[in-house]
Each structure stands twice: as structure tokens, then as C-alpha cells.
2 protein chains.
Amino acid sequence: MPRRYVSLKEVAARAGVSFQTASKVLNGGEVRVAAETAERIESAARELGYSPNTVARSLVQRTTYTIGLVAGSFADPALAELLIGAESAAREQGHAVLVSNLGGSGEGNVDVVRTLVERRVDGIVAAAPQLEEDTEVAELLRRYVPCVSLHHVPGGGVPLVGSNHRDVGRMATAHLAAAGRRHIGTVTGPYRRRVVRSRLRGYEDALRDGGLEASEDLVAESDWSPAGGAAAIRLLLEREPRLDAVFVQSDLMAVGVLAGLSAAGRTVPTEVAVVSCDDLAFAAYLNPPLTTVRLPLAETGARAVELLLQLTRGEEVDPAPVILPAELVVRASCGLGARDVPTTAPGRPGADHH
Amino acid sequence: MPRRYVSLKEVAARAGVSFQTASKVLNGGEVRVAAETAERIESAARELGYSPNTVARSLVQRTTYTIGLVAGSFADPALAELLIGAESAAREQGHAVLVSNLGGSGEGNVDVVRTLVERRVDGIVAAAPQLEEDTEVAELLRRYVPCVSLHHVPGGGVPLVGSNHRDVGRMATAHLAAAGRRHIGTVTGPYRRRVVRSRLRGYEDALRDGGLEASEDLVAESDWSPAGGAAAIRLLLEREPRLDAVFVQSDLMAVGVLAGLSAAGRTVPTEVAVVSCDDLAFAAYLNPPLTTVRLPLAETGARAVELLLQLTRGEEVDPAPVILPAELVVRASCGLGARDVPTTAPGRPGADHH
DNA sequence: TGGTCGTGAGAGAACGTTCGCTCAGCGGAG
DNA sequence: CTCCGCTGAGCGAACGTTCTCTCACGACCA
């Protein structure tokens with residue numbers, strides 16, 4: 001296959017006009033070109049299979065119509081949800097999304113961001129908690145490219161989009177307390193993450209409000225994985241056998257927690273009630289269906305992109321963080337409002353991947 | 001903030017050399033430049049905060065070091081896994097990944113691919129089953145840009161990377177038959193997808209091999225979602241109350257199937273055995289732990305990218321499809337080899353998103 | 001008939017690189 | 001002393017656009 005791209009020049013030659021005129025017709029907006037000429041150019045373009053070269057256009061316009069999304073790890077289903085929202089918002093405004101997966105190492109973070117900058121993305125959405133402490137990356141962002149983050153960025157000056165995670169923790173835990181549980185534990189993500197600490201604070205708030213005592217024995221740090229959740233609940237039961245409820249910081253860990261409880265012979269919700277957060281697609285179908293705090297993930301991604309594009313257009317934006325409301329979805333695992341498996345609702349559309 | 005990029009010209013001026021020489025030092029490979037000059041240029045670049053402009057480089061080199069990934073839907077956790085593999089393979093070779101999410105509509109497919117082409121991506125990885133019948137997109141791909149697909153592409157000429165899904169269906173079903181199940185049903189994805197039909201054929205193969213009778217009553221089409229899975233199993237039980245096993249075409253649907261079975265009062269695996277496929281992170285932690293055919297998703301993504309980059313370099317590639325082996329992972333849901341919840345193994349690392 | 005104006009088209013420059021050449025300077029061999 | 005070849009550096013062009021101006025040409029009005 002030859003697979004050559006034809007340029008404006010060639011199209012113009014075939015239509016008998018200058019390439020600038022061809023440019024006006026094919027890529028320009030509303031410009032004054034005789035209808036007959038325009039038609040000649042258009043048919044020449046069609047015959048030759050002209051495809052505009054965005055690279056050249058970007059060079060002169062100093063805009064790539066591309067944004068970068070740097071992600072903590074796509075292993076997280078929540079991030080996928082976020083990506084969906086971000087991508088569609090970007091597409092709506094004619095932008096494409098360049099993704100970067102940081103992975104665990106933490107070493108190459110700067111390089112990852114640097115490649116995005118060198119590609120001259122118009123802006124960056126940072127969805128990576130590992131950047132929370134990375135002053136080097138923060139410097140890079142502040143210096144070169146507009147950025148919206150879903151997490152705190154050291155040094156400030158980077159708009160934030162997200163939810164109030166202290167509320168998330170409080171909401172979940174308060175629900176358990178209201179259900180009459182007295183020994184409420186929690187399974188968290190890694191402490192070094194802000195969200196984790198925020199949710200933990202919310203958990204403590206709710207305990208206090210409910211007149212319950214907080215205790216280190218009731219808190220188990222984990223790693224967002226189902227395996228981690230299973231290990232954490234085992235630990236919790238060992239330290240506090242009277243445990244009768246647990247707030248889990250993600251649906252994915254909750255899967256492991258349910259498994260761990262079942263392995264320990266505790267029934268959910270009778271003996272131990274469970275509330276988590278995220279509300280991923282499968283949450284309603286676990287056994288028992290998960291009561292969980294729904295985070296507006298797709299919307300968060302979309303809003304982040306919208307804010308970012310405003311920024312790139314040089315528009316004034318409200319410097320206050322954009323806080324999107326989370327909402328408690330009551331199902332069976334908390335022992336209250338024990339709705340069962342939904343029977344008719346199609347729920348979220350399934351993926352169609354294969 | 002000014003946020004201006006400095007160019008080679010400015011760096012060169014400060015170092016007292018021509019910009020071409022600066023180019024050699026900063027972006028070129030091994031070139032002959034006096035050590036002292038090079039140093040002057042480098043420190044000028046550092047002081048000015050020079051960041052090479054890949055856009056300009058791409059224009060002259062006619063290579064963007066970027067590949068496109070067109071995805072069916074990121075709602076699918078399997079696709080996320082795939083993206084991880086693809087992204088890291090791409091990064092390893094200095095390429096970035098531009099993602100496009102097709103979504104359900106099917107209308108805008110051509111436009112999605114067209115924007116990738118106009119951005120002059122070096123190649124495209126197609127991970128979207130909805131392109132299976134899209135001759136228009138296939139034409140576009142064949143015409144403009146190297147492509148590797150994870151699904152059949154109409155018209156041929158596009159290398160394929162994937163697994164043998166007939167084997168997947170056979171492996172899963174044969175396992176159930178070997179466990180002595182006599183009324184084995186199946187919950188599938190949408191029939192219009194090839195993988196679905198392939199797995200269905202494998203399912204039928206296994207029934208035949210096991211001396212069991214196939215029946216339309218035993219097959220329920222679904223939509224990859226947990227909700228769909230729940231609905232499908234309900235239908236199946238209604239049509240064939242003697243159902244004692246089911247092969248589910250994805251882990252996500254299996255979650256719904258387990259819920260549906262539980263709602264119908266059937267115990268798993270005693271009364272109904274379940275085998276699915278994918279082996280997502282949570283599969284081992286469901287109740288009961290899922291026996292499932294593990295698909296090498298990340299590896300598939302990585303191999304696709306590697307193949308694609310070979311293609312873009314103009315290297316000869318074996319036109320035969322790359323088939324990556326799938327593997328049955330036996331857990332409890334099939335009623336055989338009832339390993340319980342893993343107790344120590346960390347499993348896959350959890351995501352760290354918050 | 002001459003000036004003005006609107007319309008359509010093209011000329012030139014610029015965007016920031018890379019690439020292929022040329023060229024000055026210099027040391028060493030003949 | 002001449003010639004060669006090597007080294008280090010710069011020059012010009014090219015990549016495919018967009019953008020800003022200028023220009024040719026009629027038509028229209030006075």
C-alpha cells in the first residue's frame with residue numbers, strides 16, 4: 001500500500017486554484033469563495049481523498065485540540081468511569097484525549113507529564129493521587145500548561161474538581177450508626193492519600209455525632225483491592241470481635257470485605273452491616289446488594305474537562321473548588337431499607353467489548 | 001501567568017549559536033558538536049526552560065509518535081485492563097496513546113476514526129466490536145493508517161490479536177460437563193458480536209463432546225451488564241427449571257447471574273454451577289469465588305501495540321492472527337476444586353485512584 | 001468617464017522543527 | 001608549500017497549514 005497523505009497543494013493544483021483558497025474552503029469557516037470554485041475544490045478533495053493535517057494546523061495555531069489525562073491507575077474501575085466522562089466532554093468540544101497511566105513506581109511521573117507538555121497538549125486533567133506530594137510535577141504544570149486536578153496539588157493555583165470526601169465518610173458511617181450499630185469499623189485506602197484521610201475524618205465525625213467511641217482497633221488501612229479488603233476485614237474482626245458494621249472506602253474493597261466476612265462466618269447485614277462508596281455497576285448485584293455512596297465519577301471527569309477548556313480559552317474561572325454532590329444509595333448490605341436485587345431496571349448499560 | 005514556550009531559536013541566541021546547532025544538541029542523537037558548545041547550549045536551554053515542540057518535529061518527520069486506541073466502551077473493566085497493557089507498551093517505545101470511546105450510538109464511528117487520522121496518529125489499535133460490520137471505517141483504516149484489531153474487520157488486511165474464543169467457550173463448558181452437570185445453559189453477550197458467536201460455538205462443541213443435547217431454551221442473550229446477567233438467568237430458569245450449570249460470557253454478567261440465582265433460591269455451586277470468563281480482579285472474591293477463563297487482557301493490549309509499531313516501522317509482520325492462550329482458573333463456583341477465598345495472596349494490586 | 005466599493009483569489013510570511021549540504025579552519029602527509 | 005580530509009558549525013529548504021494583506025476585476029454611482 002502506498003498510504004500517502006495528499007496535501008492542500010495537490011488538491012489545489014487539481015482544482016486549478018491556490019492552496020490558500022483550498023484551505024479556506026476545506027478547513028476555514030465562513031469565507032468568501034465563489035460557489036463554483038468551492039465545489040471544484042471540494043470534489044478535487046474528495047477524489048484525492050484529502051485529509052487535513054492537524055499537525056500543521058496546530059503548529060501555526062499553537063493549539064493541538066488535545067488534552068492530556070494523567071491517571072493514577074486504570075486498574076481502578078472508578079477511573080474508567082471518569083475517563084468516559086472526560087473523553088465525551090472533550091470530544092464534544094472537538095478535543096481528543098491523550099492518556100497516561102502513571103502506574104505505581106512514582107519515579108517516572110515527571111517524564112510522563114513532560115511528554116504531554118512536549119506534545120503541546122492544550123491542558124491536563126490530573127487524576128492521579130500520587131501527584132499529591134509531587135512538587136516537581138506541580139512546578140511543571142504551573143509553569144507550562146493549564147491544569148485541572150481531581151486531587152490536591154502542592155503549591156496551589158490548580159483548580160480542583162471533586163466531591164467532599166469528609167461528607168462521604170460521614171454519610172456512610174452515620175447511616176450505620178442510625179441503624180443502631182455500635183462497633184463500626186472502617187477499611188480505608190492508603191493513608192498517604194488525602195481522600196482517604198478526609199473520609200476517615202468523616203467517619204470519625206459520624207462516630208462522635210452518634211456518641212460512639214473511636215478506636216484505632218476499628219481502622220484498617222488497605223490498598224483499594226478486593227484482596228486488600230479481605231485481609232483488612234480479617235484483621236478488624238481479630239482486633240474487635242464485636243464488630244457489627246464497617247464502612248469500606250471503595251466498592252472494589254467491599255467485594256473482598258464481603259468475602260472475608262463470609263469466610264469468617266458472619267452474615268451480612270444481620271451480624272455485620274457494610275456500606276462502601278463509588279457505586280460501580282456491579283454494586284447492586286453483589287450478595288447482598290451494596291449500600292454505597294454514589295460518587296458522580298463520569299460527571300467529575302466531564303466537569304474537569306469543561307473547566308480545563310474554559311481555562312485554555314483564557315476565560316475567567318471561579319477559583320473555588322468544584323464540589324459535586326455524592327449520594328447515599330441504600331440497598332441491603334446495611335441492614336436498612338433492604339431492597340433486594342433490582343428485578344426490572346436495566347441499570348447501567350453494560351459494556352460491549354468483545 | 002505568561003506561559004510562553006521558548007523555541008530553539010531563543011535558546012540558540014542565548015548560547016550564541018545557530019538554532020540548527022541547538023537542535024542537534026538538544027533533540028538530535030549523536031552528533032558532532034564541540035563539548036564546550038554543547039554545554040553552553042544545554043545550560044541556556046535549562047535557564048530558559050526549553051521544552052521541545054513535538055508538533056513541529058512531527059511535521060517534518062511525518063511521525064507523531066502517537067497511536068490511537070478506539071475503544072468500544074470503557075464501561076467495560078476488561079477494556080481498562082487492555083488499555084493498561086497497551087499504554088505501557090506504547091510508552092516503552094516512546095509513543096503516546098490517544099483514546100476514543102465509541103459509545104453505543106454507532107453513528108459517529110467514522111468521525112471518531114477520522115479525527116484520529118487527521119491527527120496523523122502513526123497507527124490505530126481497534127478494540128471495538130462495533131466496528132466488526134463497519135465497512136466504512138474499515139475502508140478508512142485500510143486507506144490511511146496502519147491498524148491492528150482485536151476483532152474481525154470486514155474486508156481483511158488488518159492483523160488480528162486476540163484469543164480463541166471458541167476454545168474459551170469449550171473450555172468453560174467442558175469443565176461443567178466434566179463436573180457431571182447435565183443441563184448446562186449459557187448467558188451470552190449480544191449475538192451480533194463475533195466473539196459471542198464463537199464462544200457459543202465452543203459451548204455447543206462441549207455439549208456435543210459431552211453427549212449433552214443443545215437447546216435454544218438453554219441459551220439467553222444478554223448485554224454484558226450485571227443487570228442483563230440477572231435478567232438472563234431468570235429467563236433461563238423459567239425455561240428450564242432443571243438447569244444445573246451455566247456458562248456466562250463475562251465476569252460482570254456473572255455477578256448478576258449469581259445475584260439472580262440467589263434470588264431464585266438456588267445455591268451455587270450445589271444446585272447450579274457457574275463458570276464465566278475474563279478473570280477480573282474481583283472474580284476471586286465473589287461469593288462463591290468465580291471459576292472463570294482468564295483472558296490475557298493486558299498482554300493482548302501490549303501485543304497489539306507492539307505489532308502495530310512494527311507495522312508502522314515498515315517491518316514485515318506475520319499476517320497470521322496472534323492468538324494468546326486463555327486459561328481456566330478453577331475456584332468454587334463450578335463445584336469442583338472448591339478453593340475458597342484466597343487468604344494470603346495479595347492478588348492483583350489494587351488501583352489507587354482517590 | 002472616472003472613482004469607489006465589494007468580491008473573489010492569491011502572495012508572502014510564519015509556526016518550530018529536522019535534514020542535507022556547504023563551508024571555514026586546521027593539522028598532517030606528501 | 002600544497003593538498004587532503006576531518007571537525008565543527010551554519011545555511012537553506014522543507015514539512016502543511018493559517019493568517020494578514022494586497023490585488024484584479026467588475027459593477028455601481030455620480
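In what follows, chains are A, B, ... by sequence order, proteins preceding strands, each numbered from 1.
Remark: P of C:dA11 and CG of A:Leu8 are 15 Å apart, rounded to the nearest angstrom. Distance, A:Arg119 CZ to C:dT17 P: 15 Å, rounded to whole Å. One atom, CZ of B:Arg62, and another, C1' of D:dG16, lie 9 Å apart when rounded to the nearest Å. Taking atom CD of B:Glu36 as the reference point, atom C1' of D:dT7 lies 15 Å away to the nearest angstrom. Between the CG atom of A:Asn53 and the P atom of D:dA14 there is a distance of 18 Å, given to the nearest Å. Regarding A:Leu26, its CG atom lies at a distance of 12 Å from the C1' atom of D:dT17, rounded to whole Å. Rounding to whole angstrom units, CZ of residue A:Arg4 and C1' of D:dC15 are separated by 13 Å. When the P atom of C:dG8 is taken as reference, atom CZ of A:Phe19 falls 21 Å away, rounded to whole Å.
For B:Ser18, a side-chain nitrogen or oxygen approaches OP1 or OP2 of D:dG10 to under 4.0 Å. Within the structure, every side-chain polar atom (N or O) of A:Gln61 is placed at least 4.0 Å from both OP1 and OP2 of D:dT17. For C:dG16, neither phosphate oxygen OP1 nor OP2 lies less than 4.0 angstrom from any side-chain nitrogen or oxygen of B:Ser23. Between D:dT17 and A:Asn27, no contact under 4.0 Å exists linking OP1 or OP2 to a side-chain N or O. Residue B:Arg57 has no polar side-chain atom (N or O) positioned under 4.0 Å from OP1 or OP2 of D:dC15. A sub-4.0 Å separation between OP1 or OP2 of D:dA9 and a side-chain N or O of B:Gln20 is absent. Remark: B:Thr37 is in phosphate contact with D:dA9, judged by side-chain N or O atoms under 4.0 Å from OP1 or OP2. Between A:Tyr50 and D:dT17 there is a side-chain N or O to OP1 or OP2 distance below 4.0 Å.
Between B:Leu98 and A:Val97, the closest side-chain pair of non-hydrogen atoms is not below 4.5 Å. With contacts defined as side-chain heavy-atom distances shorter than 4.5 Å, the pair A:Arg4/A:Glu10 qualifies.
Checked against C:dC15, C:dT18, C:dA9, the side chain of A:Leu59 finds its nearest nucleotide in C:dC15. For B:Lys24, counting side-chain heavy atoms from C-beta on, the closest listed nucleotide (C:dG16, D:dA9, D:dT17) is D:dA9. Here C:dT17 is the nucleotide among C:dA9, D:dG8, C:dT17 with the atom lying nearest to any side-chain atom of B:Lys9.
Closest of all the heavy-atom pairs between A:Thr300 and A:Gly162 is CG2-CA, 4.4 Å.
Note on A:Val17: only backbone sugar-phosphate atoms sit closer than 4.0 angstrom, heavy atoms only; bases stay farther off.
For the residue pair A:Arg313/A:Gln93, the side-chain donor-acceptor check at 3.5 Å is satisfied. No side-chain N or O of A:Ser51 forms a donor-acceptor pair with one of B:Arg114 less than 3.5 Å apart.
Tested against B:Asp122 for a side-chain hydrogen bond (donor to acceptor under 3.5 Å, both in side chains), the candidates B:Thr66, B:Thr312, B:Thr64 yield a single pass: B:Thr64.
Mapped onto DNA chain D by nearest heavy atom, B:Ala56 and B:Thr21 fall at different nucleotides, with B:Thr21 at the one closer to the 5' end. Along DNA chain D, the nucleotide nearest B:Val60 and the nucleotide nearest B:Ala38 are compared for position; the residue whose nucleotide lies closer to the 5' end is B:Ala38.
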